[in-house]
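A short write-up of the structure that comes next.
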Amino acid sequence: MTTPTATGQWLQPAEIRPDATIRLFLFPHAGSGGTIYRNWHEYLPSDIAHQIVQLPGREKRLGETAFTEIEPLVEAAYEAIADDLDDRPYAFFGHCLGAQLAYRVSLLMARDGQPAPVLIGASGWAPEGFSQVTYEQSLMPEPELVTWMRTLGSFPEEVYGNQDLLSMIVPALRADLAVVSTYVDDGAATNCPIVAYSGKSDPLMDPGAMASWDKRSPDYLGNSEFVGDHFYIDHAEHALAVTSDLVRHLRRAVATGH
């Protein structure tokens, strides 16, 4: 087992179209390698090149050691993205753990004087009012963990009856839950505009939790709420609505320079 650092492993696809004028980095949710974004190539316009931030321990990086603490993971993701940036404007989007990572990576961009994302899209996670898992939950017996996954709708229903798939997903999910359990909120504000998205019946979110983003950005663009639970975004019509709204804000941010 190895802990990789090569940028090409972190970003999928490793190469993007040279004629694209805007870049979009997509951060996956816990236990996922980017499945939630599997159809986004159909929703995004051709001038926006998207790359999934592929974490170790899943999909094409299945043989690598997964991170179990948030700070080393954020640093590693930051280094991979910073090394790959060019002169094109770029944005972040993440769902749940992915939103958390996008937010924290943006802070490191500011720390090191890197060009900032012109926009952060945060879905299914808020810095306050989100039900943070404990380390003990990451150690749940597999039947309990699978039941919990099912309750949230984390993966397609066919996954739960396929032990081969579960044997790949569960270790990554445990690692990511451990990552989340190590997060300590410091109240830090990013220097980027933030637009938020959530499910109306998300069991992990307190009512009004997404409004806590207002204190974390100089330009909070509000929250769009959709019918559904934590994984509302896995429904095609909601994914299309989110991407359409995200692109609208992204084009405005690029046009105005912030």
Side-chain angles (χ1 to χ4, degrees), residues 24-30 53 69-75 77-78 81-82 89-134 152 176-177 179-226 228-233 238 241-243 245-258:
L24 176 61
F25 296 95
L26 302 174
F27 293 79
H29 65 81
V53 181
E69 296 181 74
I70 194 162
E71 289 189 11
L73 173 56
V74 170
E75 287 278 359
Y78 157 70
I81 294 170
Y90 72 97
F92 290 159
F93 181 90
H95 180 75
C96 195
L97 170 62
Q100 193 174 26
L101 294 177
Y103 161 57
R104 301 310 296 190
V105 170
S106 76
L107 297 176
L108 299 192
M109 292 288 180
R111 179 196 69 184
D112 292 352
Q114 296 281 0
V118 297
L119 180 69
I120 297 174
S123 170
W125 183 81
E128 299 172 31
F130 183 83
S131 180
Q132 182 168 327
V133 299
T134 64
L152 293 179
D176 288 348
L177 294 180
V179 163
V180 172
S181 75
T182 66
Y183 178 69
V184 178
D185 183 34
D186 56 5
T190 181
N191 57 358
C192 310
I194 293 177
V195 60
Y197 307 92
S198 62
K200 288 184 178 180
S201 54
D202 188 336
L204 298 179
M205 200 84 68
D206 291 345
M210 297 305 274
S212 64
W213 281 115
D214 188 36
K215 296 182 288 185
R216 308 302 174 102
S217 169
D219 188 12
Y220 175 54
L221 303 171
N223 178 59
S224 296
E225 205 172 50
F226 296 86
D229 54 19
H230 187 61
F231 284 96
Y232 77 93
I233 198 172
H238 296 337
V242 168
T243 50
D245 189 68
L246 184 71
V247 167
R248 178 174 64 87
H249 285 294
L250 181 50
R251 292 204 188 286
R252 181 179 299 167
V254 170
T256 58
H258 60 79

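Treat the numbers as computed from the prediction; the structure is a model and nothing was measured.
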Can you tell me how far the OG atom of S106 sits from the CG atom of L119, to the nearest 0.5 Å? 11.0 Å

Are E128 and K215 ion-paired here, with the side-chain N under 4.0 Å from a carboxylate O? yes

Measure the CD1-CG distance between I194 and L221 for me, rounded to the nearest 0.5 Å. 9.0 Å

Can you measure from SG (C192) to CZ (F92) and round to the nearest 0.5 angstrom? 7.5 Å

So F231 and H29, would you call those rings parallel, tilted or perpendicular, with 30° and 60° as cut-offs? perpendicular

Output the distance between atom OG1 (T190) and atom CD1 (I120), rounded to the nearest 0.5 Å. 4.0 Å

Min side-chain heavy-atom separation D185-R216 under 4.5 Å: yes

Closest heavy-atom pair, Y220 versus A196, reported as atoms and distance to 0.1 Å, is OH-CB, 3.9 Å

Correct closest heavy-atom pair for A82 and M109 would be N-CE, 4.1 Å

Within 45° of the six-membered ring axis of Y78 and under 6.0 Å from that ring's centre, is NZ or CZ of R111 located there? yes

Pick from D176, V179, V180: which one makes a side-chain contact (heavy atoms from CB on, under 4.5 Å) with V133? V180

Any sub-3.5 Å donor-acceptor pair from Y232's side-chain atoms to S201's backbone N or O? no

Main-chain N/O of W125 paired with Q100 side-chain donor or acceptor, under 3.5 Å: no

List the steps and the verdict of side chain to side chain contact (heavy atoms under 4.5 Å, CB included) for M210 and F130. CA-CA 9 Å; M210 297 305 274; F130 183 83; over 6 Å; no

Main chain of Y197, side chain of S224: is a donor-acceptor contact present, judged purely on distance under 3.5 Å? no

Whether D229 side chain and D202 backbone form a donor-acceptor pair below 3.5 Å: no

How far apart are the C-alpha atoms of V53 and L26, what are their side-chain angles, what is the distance that settles it, and do they pass the side chain to side chain contact (heavy atoms under 4.5 Å, CB included) test? CA-CA 6 Å; V53 181; L26 302 174; over 6 Å; no

Which atom of A209 lies closest to which atom of M205, heavy atoms considered: CB-CG, 3.5 Å

Check against side chain to side chain contact (heavy atoms under 4.5 Å, CB included), Y90 and V118: CA-CA 6 Å; Y90 72 97; V118 297; over 6 Å; no

Side chain to side chain contact (heavy atoms under 4.5 Å, CB included) between W213 and N223: does it pass, once the steps are laid out? CA-CA 9 Å; W213 281 115; N223 178 59; over 6 Å; no

From CG (D112) to CG (L107), nearest 0.5 Å: 11.5 Å

Check: L24 and L246 side chains under 4.5 Å, non-hydrogen atoms: yes

Counting the benzene-type ring for Trp, do F27 and H95 have ring centres under 6.0 Å apart? no

According to the interplanar angle, ranging from 0 to 90°, do the rings of F226 and H238 count as parallel (below 30°), tilted (30 to 60°) or perpendicular (above 60°)? tilted

Do any N or O atoms from the side chain of D186 and from the backbone of A188 form a donor-acceptor pair under 3.5 angstrom? yes

Okay, side chain of T182, backbone of I70: is any donor-acceptor separation there less than 3.5 Å? yes

Check this for me: E75, atom CD, are more than 12 non-hydrogen atoms of other residues, nucleotides or ligands nearer than 6.0 Å? yes

Just how far is it from atom SG of C96 to atom NE2 of H230, taken to the nearest 0.5 Å? 3.0 Å

Hey, is the main chain of Y183 close enough, under 3.5 Å, to the side chain of Q132 for a donor-acceptor pair? yes

